[in-house]
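Throughout, a chain's letter reflects where its sequence line sits, starting with A, and its residues are numbered from 1.
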Amino acid sequence: MVLEIISVYFRRNKRLIFHNFNLKLAKSQIIILIGENGVGKSSLFDLSVGILKPEKGVIKINEIPINEIDQKKKDFFTYLPHKDSLKDYLTVEENLFNWLELIDIKIRKEKVLNSLKFFKLNNLKNNLIGNLSQGQRKKVSLTKLLLSKCNLWILDEPFNGLDINSINKTKKMICNHKANGGSVLLASHINLNIEGSKRIFIKSPKLKISNKITNFDSWEKIK
Amino acid sequence: MIFNLANPLRFQRLIEKIEPITLNIAIILLLVGLFFCFFGSPPDYLQGETVRIMYIHVPCAWFSLMIYSIIALCSIFSIVFKHTLADLISRSCAPIGACFTLATLLSGSIWGKPTWGTWWVWDARLTSELVLLVIYLGLIIINNAYEDKSKADRYSSILAIIGIINLPIIKWSVDWWSTLHQPASISKFSSPSIDPSMLLPLFIMTFSFFFFFISILLVRVRGEIIQRKIEVIRFNRMV
Amino acid sequence: MGKNKVKLDFFKLVKREIRIMLKNFSIIYSFSTFFVIASLIFVFSVNDISYVKIFYKSIVWIVLIFSIMLVSENFLNDDFKDGSLKELQFLGFSEESIIVSKSIAMWVMIMIPMLFLVPLVFVFFQITLHELISLLINLFLATPSLTLISILSSLFSVQLKRNKIIQFVIILPFFVPMIIFTTSTGTLFESYNLNENQFLILIGIFFITLPVCLLAGKLIMREINK
Amino acid sequence: MNYFLNFINSGDHFSYVLSSYLIVFFIIFLIFILSNTKTKKLEKEFVNLIKNEEKK
């Protein structure tokens with residue numbers, strides 16, 4: 001199993017988000033999480049990446065619990081969160097090289113330029129990120145996937161703001177990654193389909209606060 | 001035992017029993033103490049009649065430190081064990097502590113006018129006490145700044161832990177820097193350098209202030225618990 | 001092996017911070033301009049230059065503190081807004097190394113313009129060369145703790161949507177000891193002759209603030225994403 | 001009683017001592033009353049909420 005989420009219990013802002021949540025992502029598998037806004041998709045990603053800690057339950061990546069990976073996290077997964085962490089006052093190229101240095105990958109410049117061609121960004125490589133449109137920014141951050149060597153991709157709303165042509169390209173990229181033995185976990189609030197993928201619909205648990213409050217820290221009762 | 005009391009509802013029931021008792025004790029002690037302050041104690045041979053300010057100034061100063069240490073302890077507790085009651089207590093302690101610190105500063109400055117000749121001196125103890133007041137204000141501000149209550153509690157407890165540095169500075173500033181402020185007279189319990197007839201009103205006033213503090217704290221904690229209950233009900237309605 | 005990796009990570013972070021900071025040159029520019037203008041305002045408001053000569057240290061330090069606070073707010077907010085603070089965390093960099101690298105970058109960013117600005121102070125305030133050197137050493141020793149504290153203060157307020165002034169209110173009391181010992185005007189603690197061991201005290205303050213800021217910063221950084 | 005008479009006749013000192021006592025007690029009673037009113041208000045709100053719940 002590449003990613004395993006076992007009976008996770010998690011609350012955010014006093015709201016129960018996951019109750020006994022399980023998910024298994026095998027090698028060369030694509031899982032699409034579909035749910036309404038605020039159902040906890042981003043929280044799930046933050047949990048599986050180790051930024052948030054669940055109150056109960058275990059999260060394992062490559063059979064290793066996430067809190068034991070610590071320093072080597074960058075070798076295990078590539079995570080593209082909702083905020084793209086691109087600096088406005090740096091050019092496209094500089095942003096990518098900064099990122100590559102952070103994750104310890106040394107690649108020749110030509111290869112980076114080549115990968116920029118995938119989304120036809122090579123004309124924009126010396127533009128500042130702040131001058132790009134929302135869709136172009138998204139494309140730049142998706143280009144990171146082409147450069148990464150990790151097996152596991154975790155993508156938060158990768159198709160937001162993209163045109164149809166680029167969506168198809170991205171889908172193709174994800175399928176290629178799957179064919180090469182990689183696994184992808186991605187979230188979407190619209191019902192989309194990628195061939196050969198498994199779709200999971202998440203709903204927030206129906207909960208009501210128990211009338212007899214004993215401690216304010218544990219006040220939910222599951223219906 | 002602490003974890004037994006930690007249940008806020010059980011604590012609330014306890015509060016409702018204790019609260020009137022503490023208030024009554026505080027008022028009785030206050031009256032007795034005031035009698036001793038004005039009728040039962042002689043003027044000091046150095047400071048004259050102004051020594052009577054000491055009977056309220058010193059307890060206020062002690063409590064300004066004690067309340068801060070309570071906040072700091074609760075903060076450590078809430079960070080380590082994530083405890084609701086500790087958050088409630090430290091949240092409701094902060095304004096009381098600020099009031100005691102303000103009372104200390106004002107009464108001290110009134111005492112300073114006839115004794116030192118000025119309202120204010122920039123010596124180590126006064127400065128650090130003023131810093132304590134500012135830290136209290138910071139805690140109150142943080143508690144009210146965040147919309148999310150649990151986040152505010154976490155941040156204010158972190159700030160309280162940083163502020164612990166100030167406590168030893170206040171306590172021993174008179175020993176480290178030989179300043180204008182007199183050193184503690186009652187530090188050594190075996191032979192305090194103070195006359196018993198003056199010690200008696202001081203202690204009575206201290207206990208009276210202590211019970212006052214407890215009763216105010218209990219009222220505030222009760223209010224906080226009720227507020228959380230209201231939040232629960234509102235939340236329930238939303239779902 | 002593991003330790004070596006941590007060290008490498010740390011230098012990588014510092015390099016990244018400094019590279020980003022050098023690209024964002026407008027911060028340095030506005031910082032130095034603010035410094036010059038604010039100290040000029042002091043000079044104009046005093047009128048008699050002989051007073052400025054006495055209070056030059058206080059003026060420099062007060063202006064410096066406010067300019068540092070203005071810069072630090074900028075420094076972390078950008079990172080929080082575009083998500084790179086979160087990125088650094090999930091890539092496995094420890095919270096301590098993030099804070100220290102940020103404050104080192106900020107320190108460099110302050111010290112480089114300071115080297116050019118302090119001679120300006122020398123000309124404006126008409127101080128002696130000896131005083132100038134002692135002021136420089138003073139700045140050199142005290143700014144690390146200043147940057148650490150101001151990074152901490154901006155961590156406190158990074159999530160506030162309104163009312164950013166809180167950051168200044170809650171953290172200014174912690175600048176009090178720093179100001180007392182850096183300026184050491186001699187009126188506060190008369191019985192102590194601070195000029196001799198003033199530098200030692202500044203170093204001591206740094207070694208107190210470092211662990212406290214790291215601990216508190218770690219706690220806050222863990223809280224930010226919740 | 002002697003002490004008290006002396007104290008009243010001490011002129012300047014009398015006003016200093018009295019004003020400091022008044023200020024300190026004023027501050028403490030202020031926080032006491034403020035907390036009480038706040039709690040009472042919350043209690044009223046709570047009772048109202050409970051009543052509304054029962055109506056439903």
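For CZ of Phe207(B), the number of neighbouring non-hydrogen atoms (other residues, nucleotides, ligands) closer than 6.0 Å is 12 at most.
With a 4.5 angstrom heavy-atom cutoff, Cys99(B) touches chain D via backbone and side-chain atoms both. With a 4.5 Å cut-off on non-hydrogen atoms, Ser109(B) does not touch chain D at all. Within the 4.5 angstrom heavy-atom criterion, no atom of Phe213(B) approaches chain D. Heavy-atom distances place both the backbone and the side chain of Leu42(D) under 4.5 Å from chain B. At a 4.5 Å heavy-atom cutoff, the contact between Ile230(B) and chain D is made by backbone and side-chain atoms alike. Heavy-atom distances place no part of Phe26(D) under 4.5 Å from chain B, backbone and side chain included.
Looking at heavy atoms from C-beta onward, Ile216(B) lies out of side-chain contact with Asn36(D) at the 4.5 angstrom threshold. Between Tyr21(D) and Cys37(B) the shortest side-chain heavy-atom distance falls below 4.5 Å. Residues Ile28(D) and Phe100(B) form a side-chain contact, since some pair of their non-hydrogen atoms from C-beta on lies under 4.5 Å apart. Side-chain contact between Val17(D) and Trp111(B) is absent, with no heavy-atom pair separated by less than 4.5 Å. Between Phe29(D) and Phe212(B) the shortest side-chain heavy-atom distance falls below 4.5 Å.
Between Lys38(D) atom NZ and Ile226(B) atom CD1 the span is 10.5 Å, to the nearest 0.5 Å. Atom CD1 of Ile96(B) sits about 14.0 Å away from atom CD1 of Ile27(D), to the nearest 0.5 Å. Atom CD of Gln227(B) and atom CD of Glu43(D) lie 12.5 Å apart (nearest 0.5 Å).
The minimum heavy-atom distance linking Ala103(B) with Val24(D) is given by the pair O-CG2, 4.0 Å. The heavy-atom pair separating Ser20(D) from Ile56(B) by the smallest distance is O-CD1, 3.9 Å. The minimum heavy-atom distance linking Pro95(B) with Ile31(D) is given by the pair CB-CD1, 4.0 Å. Closest heavy-atom contact between Tyr16(D) and Ile110(B): O-CG2, 3.3 Å.
By the 4.0 Å N-to-carboxylate-O rule, Lys229(B) lies too far from Glu45(D) to be salt-bridged with it.
Arg220(B) and Ser35(D) form a side-chain donor-acceptor contact under 3.5 Å, judged by distance and modelled atom types alone.
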